[in-house]
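Working notes, structure below.
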Amino acid sequence: MFVEVAKMSEIAKGGMKAVEVNGRWIVLCNDNGRIYAIERRCGHMSAPLDMGTLNGYILTCPMHHSQFDITSGEALSEPVPRDFGDEVPPKNMGIYLQNIAMLMSHIKTCDIKTYPVKVEGDSIKVDLELKDCDRLI
Amino acid sequence: MNVESRKKALRYQFEKVVDPLGYKFSPDEELVDFLLEQEVFLERKHGIPYCPCQGLPKDREGRMKLVCPCIPFHREQFDYMKCCWCLLYVHKDVTDTSGLRQIPLSEIPAAGLKRG
């Protein structure tokens with residue numbers, strides 16, 4: 001069942017807006033006038049995707065810069081490894097960072113959920129009741 | 001990750017960068033496809049889509065100059081060649097790539113004068 005979640009006038013072209021509907025957070029993305037709805041949590045480490053950047057149909061996560069296709073929810077890239085340049089970090093910090101990097105290398109970037117969207121006049125409606133897509137873990 | 005989807009995404013993102021620089025993707029589609037695929041593999045390995053045609057230096061500053069599209073860091077040379085080192089990007093006015101070739105910086109007159 002489609003429910004109204006926002007108004008078209010609330011999301012500029014190229015912009016995003018996070019909304020909570022029945023306890024579930026989703027992000028509405030405006031790709032040049034076309035609205036797509038995706039789950040808010042990144043498929044890598046659950047960062048809020050509305051704080052990332054939208055470049056056409058490609059959404060980049062603000063945390064580790066994994067990219068997603070907002071039209072299908074497909075994960076387009078793995079996170080970008082942190083580059084500290086040629087500077088050697090202090091020993092303790094280096095060990096900590098190595099540990100984090102080792103753990104992160106085991107985290108798979110999953111596709112994210114997408115939801116059907118209908119625009120009626122100024123009203124954006126989303127169907128959140130569609131199958132609870134299985135997350136590929 | 002799907003290689004084809006990533007190639008499409010890289011192409012979409014790079015196009016927006018090279019267009020204002022006066023470049024476009026090479027009309028040789030087969031070559032473009034091959035080079036983008038190599039970049040996808042490099043991105044998987046290093047996390048960054050480096051230029052697939054040049055060796056990666058050890059220093060970070062050098063490596064950053066080889067992140068595709070690397071046109072801004074080699075502008076003089078590529079403008080003279082009318083294409084980038086890989087021939088992935090060509091000047092917008094290029095329709096036939098057969099006459100294009102790689103020219104080392106040392107053979108570019110203007111660059112030589114500047115270094116003079």
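Just so we're on the same page: letters track the sequence lines, and every chain starts at 1.
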Heavy-atom proximity to chain B below 4.5 Å, by part of A:E78: both
Distance-minimising heavy-atom pair for B:S5 and A:L76: CB-CD2, 3.7 Å
Joint cluster assignment, B:M81 & B:I71, ILVMFWY side-chain distance < 4.5 Å: yes
Contact list for residues 42-69 of chain B, test ring-ring contact (aromatic ring centres under 6.0 Å, His included), sequence neighbours left out: B:H46-B:Y50
Minimal non-hydrogen separation, B:M1 against A:S77, with atom names: SD-N, 3.6 Å
Residues of residues 50-69 of chain A within contact distance of chain B, non-hydrogen under 4.5 Å: A:N55, A:G56, A:Y57, A:I58, A:Q67
Hydrophobic cluster identity match, A:V126 and A:W25, side-chain contacts under 4.5 Å: no
Hydrophobic cluster membership, A:Y96 vs A:M102, 4.5 Å side-chain cutoff: no
Shared hydrophobic cluster for A:V119 and A:I26 (ILVMFWY, side-chain gaps under 4.5 Å): yes
Atom CG of A:N99: over 12 foreign heavy atoms under 6.0 Å: yes
Those residues of residues 10-37 of chain B, ordered by number, that approach chain A below 4.5 Å (heavy atom to heavy atom): B:Y12, B:Q13, B:K16
Atom CD of B:E61 with >12 non-hydrogen neighbours under 6.0 angstrom: no
List the atom pairs, donor and acceptor, that lie under 3.5 Å between side-chain atoms in residues 7-19 of chain A and the rest of the protein, sequence neighbours left out.
{"residue": "A:K7", "atom": "NZ", "partner": "A:E4", "partner atom": "OE2", "Å": "3.0"}
{"residue": "A:S9", "atom": "OG", "partner": "A:D122", "partner atom": "OD2", "Å": "3.3"}

Structural part of B:R63 lying under 4.5 Å from a heavy atom of chain A: side chain
Greater than 12 external heavy atoms within 6.0 Å of B:K7's NZ: yes
Whether over 12 other heavy atoms sit under 6.0 Å from B:R44 CZ: yes
